[in-house]
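To find a chain, count down the sequence lines: A is the first, B the second, and so on, and within it residues start at 1.
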There are 2 protein chains.
Amino acid sequence: MRAGSNLPAVGGYNQAVILDAVRRATEGVSRIEVATSTGLSAQTVTNIVRRLIHDGLVMEAGTRGNGVGKPRTILRLEPGGRFAVGVHLDPSVITLVLLNLAGEVVAHRTLKTTPEARASRTVARIARAVSELVTRSGVDAERIMGVGIAAPGPIDTATGVVLNPPLLTGWHDVPVRDELAAALGLPVILEKDVTAAVIAELWMDTAGERTDTAFMYCGTGIGLGVISGGEVLRGFSNNAGDVGSIIVGDISSEVEGEDSTSRGRLGWALSPRLMVDHAIEDGVVEGDAATMTIAEVAAAYAQMLRSDDDPRVARFVDAAVTEIARAMLILVNLLDVDHVVFGGPYFAPLSEAVLGRVPDLVMGSPLYRLPHEVTFSESTIGEDVAAIGAACLVLDDILSPRPQAFLIGR
Amino acid sequence: MRAGSNLPAVGGYNQAVILDAVRRATEGVSRIEVATSTGLSAQTVTNIVRRLIHDGLVMEAGTRGNGVGKPRTILRLEPGGRFAVGVHLDPSVITLVLLNLAGEVVAHRTLKTTPEARASRTVARIARAVSELVTRSGVDAERIMGVGIAAPGPIDTATGVVLNPPLLTGWHDVPVRDELAAALGLPVILEKDVTAAVIAELWMDTAGERTDTAFMYCGTGIGLGVISGGEVLRGFSNNAGDVGSIIVGDISSEVEGEDSTSRGRLGWALSPRLMVDHAIEDGVVEGDAATMTIAEVAAAYAQMLRSDDDPRVARFVDAAVTEIARAMLILVNLLDVDHVVFGGPYFAPLSEAVLGRVPDLVMGSPLYRLPHEVTFSESTIGEDVAAIGAACLVLDDILSPRPQAFLIGR
């Protein structure tokens, strides 16, 4: 049953609306401009801004005249008003960031992941590293709103448990949210990694153009974060975004009617370990893929793709481009997005080939069904995108005017 | 920029919340129960219910005692308080329904589609048929809120134009919304067919369990309507839901790097015309698929699948089951839905085989990634689902508490 709304609930929502308007105005904004853009009365804006200044979330930053009448006081976000910690738990590396209210990374640290290690030891390492990050940053602990953690799926967000991610062999039903919260004395939010990554894109898009965006994250695993109609697509259990099973090649070696292998699927085709294994067979790089650590695979993958004038390497790149284009055609037809963003550590070496050739392969296909163009780009946020997104989740509660926020009791 | 909210906007939203609570209470509901479930004050509920009764949207329907205190007056929706027309423009048949506020079909009619006919003639036929449907139903024209039209994509919802649906050869850039509105003097909403179908599912689900549902519509074309987090996934241009390009079989005859054919794709694999063509080759049915009308294809398709003890037919069914299972594994992993509903005229003959075997093929796959089960079922709404959904769209404006409704100026 839907909840109704009343005045106090609306007040909280309008505060988030105003904060959001100030945040998106990268050049600053006057009270009267906020009133115009939100439809709120000048009096309501004045009252709420007074409270936001008092709470240290907004500051006055000079005046601006338009030649007519009194110059207007410019409002800006107080970047140091609040902070949040973001943690990205990836099978190869754990990334920690401390983000301020303006979305700037003010402290950063990485830890090597030992995927097979007991999860509780890793959680304890993360807790220590978060404490140290905050202490060294010199930020007032009172201003840290909480910790967001981005983890590979499947996860259970209701209980804050990482279930059994295929590439983190030591992790089974790990209550990472509650363990971290107990160790740090801070609220902790757990989110799937690709969802966190697309939230970072949504959050950094102050122009509000990314209302329908798919973010393809190429990490140790591959996943898709989706924003549709300005909202993040999370799914029933917050595990949306698995695209590894999309068929992009030959699956004919399958037992009929059974998906007994992942051959011919996107997750298999773009598996760095598999690509490195083939590169070893072809003599492009040396080693034994089966015994390589994730870090060694990453190094061999990068080394191999650097030699892109080698015809053997060009073949790998061609195959990857074809497979990504096939998956993208299916995904944009289904989701009707107008932006596709690529990111993650394994994307960079493919970036030029993918961005140069995939748009034509998708939009030039006779099966392309959309009446508009799709823009393909590489994320500008960089490798920390999932960690930053996890921190954004925490700040989101303060900053994002979410319709649910103004329902009674939500 | 997000809009703020104020008291009049909230009032309109609360009215929709209360109407929704009454609508979902199939056994009726008292004012105090509405107040409890919505969080609104008894006074607010009383005031709004008075207005709803006055406007003929809600009625008092007896009293109910719980043994303690005064028996409570029971509120119900006034089914005849408002009506809406729904039109489904399908390449084989045009379906018209007149729906009351309770979602009941009170009048129904079909017209044969002539896909190659000039679109403006078809629109004029639809307009005449709608007028006749309303006149014959005896419903007060004042109570008809408008017309919803469900059409194959791609469409342009902003301008109300059907662009160039592959199976409606006579239709190119047809301003169906404005032409119908002018002919009928009623507001008209245009929506993609699969979106309308999934809206019918959402609307008829009074228990509110279908928050994350995919509706696979097997008509002359194939499409997917998606509800995620209780909201319909429409996409940037309202054309989400094309699943025909999902690869489910062998695409090796493709020119490398080009999607020059639809071979091996879901839309191809489940094309009734292609299945009938193969059945003719195998001697299961007779005729010449290339010259058959859509209606003749439909008849041959149904005839062929009735003989399911014929091993040649069993092979078709096996292939369809395998291909649907492959597509469904990809879709549920991506979208994280917990309900999959099948419907549309071409689904019925496959229903038993698909519902019997697809759940195990999907959830038993080693590539199945969700930590919960998915329920597979056939729509209970029947063949008129898209027309009913189109009518629901019109009633939706009155009945559905949509967060956007309580933003200023929306």
Proximal to chain B - members of residues 232-240 of chain A, heavy-atom separation under 4.5 Å: A:Leu233, A:Arg234, A:Gly235, A:Phe236, A:Ser237, A:Asn238, A:Asn239, A:Ala240
Value rounded to 0.5 Å, distance of CG in B:Asp242 from CG in A:Asn333: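 So the gap between those two atoms works out to 4.5 Å.
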Interatomic distance, B:His372 atom NE2 to A:Asp156 atom CG [nearest 0.5 angstrom]: 10.0 Å
Measure [X] against the heavy atoms of chain B and call it side chain, backbone, both or neither at under 4.5 Å.
X: A:Leu266; result: neither
X: A:Val248; result: backbone
X: A:Leu370; result: side chain

Over all atoms of both residues, closest heavy-atom pair of B:Leu367 and A:Ser262: CD2-CB, 3.8 Å
Over all atoms of both residues, closest heavy-atom pair of A:Arg369 and B:Pro154: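 Smallest interatomic distance, heavy atoms only, reads O-CB, 3.8 Å.
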Heavy-atom check, side chain of B:Arg265 versus side chain of A:Leu329, under 4.5 Å: yes
Minimum side-chain heavy-atom gap A:Ile246-B:Leu334 below 4.5 Å: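 The answer is no; the side chains never approach within 4.5 Å.
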Structural part of B:Ile18 lying under 4.5 Å from a heavy atom of chain A: neither
Heavy-atom contact with chain A under 4.5 Å, split by part of B:Leu224: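 Looking at B:Leu224, just its side chain touches chain A.
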Option that, when pairs with chain B are counted at under 4.5 Å, heavy atom only, ranks first among A:Gly223, A:Gly264, A:Gly249, A:Pro371: A:Pro371
Residue, of B:Asp338, B:Val337, B:Val362, B:Ile227, that accumulates the most heavy atom pairs under 4.5 Å with chain A: B:Asp338
